[in-house]
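Each ligand, and each atom within it, is numbered from 1 in the order the structure gives.
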Amino acid sequence: MGRDHVLSRQDIEAMVADGHAVVIFEDYVLRLNKWLHVHPGGDLAIRHMIGRDATSEITLYHAAHTLKTMKAFRIGRKPTGPWSNMTPPIRATTSQEASSTPSTPSECSDSALPEKGISSNQGVNSSIAAAELRPDHGTALLSEKSATADNDSHLGACLQTSSQPKPNSCSRRPSPSGALLQRQQTPPVLEIDDEKALEAARLLPRRGRKQMSPEEYTEWAMQQHRDLDMGEYPSLDHSVQLAITERYLKLHEDIDAQGLYECHYINYAKEAVRYLTLFAVSMFAIYKGWYLTSALFLGLFWHQIMFTAHDAGHRAITQIFEVDTLIGMFIADFCCGLSIGWWKSSHNVHHLITNQPEHDPDIQNVPLFATCPSFFKSLRSTYYDFTFVWDRAADMLVPWQKYTYYPIMGIARFNLYLLSWIHVLFKSSQLGGSKAWWIRPTEIVFMACYWFLFGYALLWRALPDWRTRVLYVLVSHVVTMPLHVQITLSHWGMSTSDLGEDELLCPAPAPSPQREPPIRPRPPSWR
Ligand code: HEM
């Protein structure tokens, strides 16, 4: 079978079901099984795209010469017409949670159900799908199943996988023009076994919050968020999402035409002067014995220079993978003791699957903070391959998060040291070895240099006593707090609802310097 042979949707679905890493890129189907573990962008970046049209993501993240090499992975053409995204297997366990339908009256809402008994294993407002409660509660209730009975067919249609387009509609979100649009893809069919939970979920809106069990409350709160998003943001209808993509592309073209993507290296030179001044003042203060002043300026130096590390991590300075990674490594690992490899691997996943509680490492902070109700049930992180259990510590700490947030941000840098070392020492780096083989060993050397210079030469040799050393460490690290606050506040306040595979996650500009990779285009300005 030639590489130009058109594969049917069924063929592609079968390959995904058989565990093949298959993605769509432009008109072609790529099979990346052997590439997954050597991919310089990490295997998770690809796993989140399996069964999806990854044209935007691939175009955005790769250099022009890399894009040309993609041909080697072609196994055929995709069917003509727009590709309806499947749920990647890595998200399959949580896709049930994405199967929400608006709880406002619609053919799929409670009001469309028989008043009593809902008979239906099938006909539950899928909000309960997210009530995949903790196994230790013995209430992991939900399983995927096809709709069977004829009289439930409508309700079943409300709960189909997004990879199984059905003519029946679940979505009743208005289009920007105000017309009711039909969702082309619909969420999974679920079987609910536990009558109590079923009934509880059905009654949620009618009961006071205080009367709810923790599981009911969690489910209710998650549904509130989904409802809010369904009302606030553009319709999930394919044409609307496509229009958003086109507007992003237009924006990209305009920015490009105005030369705003061009990297003016002189600006980095000016930045460098600023960084070096801060560093020089810090060293001068040490020389003079003004230790806390020195700590203050060292903290300011770390705070400022990380912005350039961020650009380098996005390959946004020279656009050459090796050069930008080396710049990032010098700044992050050598000057600041933090792993750019860790940052790249987690930050790229963050941009590919922004603010989805199970997948985006940037919002996984239980037991210290919970940024959305999904964390109230124990949640497995696909990034850390670790379950964030909602335990007694979370029960105690999270209610106080509005008070603990700033103090914890003050010492957040210590956590970054820890994550960096865990990344370089214990994880077989999530950036695959092909083009990135040298990153991990170089990082270990650079980070060791940092600790030699900061830990030994500065703290141990240059400072007079332990009291000064402790104060120096605290002041220099707390000064960087605004950086952590800025980053976390800009993310944590945004929507975390998973609205399913129809939601646009990525606009599609081509690689250019000084630009952020894809984000969820959630600002209402697109309406
Ligand atoms: C689902 C599809 C894919 C996604 C989402 C993806 C994502 C990424 C990401 C996030 C990076 C890191 C960029 C950076 O650190 O600057 C990267 C780098 C890279 N990826 Fe992929 N990738 C995909 C498929 C592929 C394929 C099929 C190839 C095969 C040629 C490939 C080859 C590379 C290379 C060589 C790099 C290093 C940067 C470069 O040279 O452009 N990727 N990718």
Exercise for review: Check for a donor-acceptor pair, side chain of His39 on one end and backbone N or O of Gly42 on the other, with a separation under 3.5 Å.
Suggested key: yes
Revision key, fill the gap. Sorted by chain and number, sequence neighbours left out, side chain to side chain donor-acceptor pair (under 3.5 Å) with Thr442 holds for none
Practice item. Kindly write out the residues that satisfy side chain to side chain donor-acceptor pair (under 3.5 Å) with Tyr265, not counting sequence neighbours, or none if the list is empty. Key: none
Practice item. For Asp18, check side chain to side chain donor-acceptor pair (under 3.5 Å) against everything at least two apart and list the hits. Key: none
Review point. Is the closest side-chain donor-acceptor distance between His252 and Tyr261 under 3.5 Å?
Key: yes
Check your understanding: Below 6.0 angstrom between ring centroids: does that apply to Phe446 and Trp451?
Key -> no
Would you mind listing each N/O atom of ligand 1 next to any protein N/O under 3.5 Å, plus the distance?
| unit_1 | atom_1 | unit_2 | atom_2 | d |
| --- | --- | --- | --- | --- |
| ligand 1 | 15 (O) | Lys344 | NZ | 2.8 |
| ligand 1 | 16 (O) | Arg315 | NE | 3.0 |
| ligand 1 | 20 (N) | His39 | NE2 | 2.8 |
| ligand 1 | 20 (N) | His62 | NE2 | 2.7 |
| ligand 1 | 22 (N) | His39 | NE2 | 2.9 |
| ligand 1 | 22 (N) | His62 | NE2 | 2.8 |
| ligand 1 | 40 (O) | Thr66 | OG1 | 2.8 |
| ligand 1 | 40 (O) | Lys435 | NZ | 2.5 |
| ligand 1 | 41 (O) | Ala63 | N | 3.0 |
| ligand 1 | 41 (O) | Thr66 | OG1 | 3.1 |
| ligand 1 | 42 (N) | His39 | NE2 | 2.9 |
| ligand 1 | 42 (N) | His62 | NE2 | 2.8 |
| ligand 1 | 43 (N) | His39 | NE2 | 2.8 |
| ligand 1 | 43 (N) | His62 | NE2 | 2.7 |

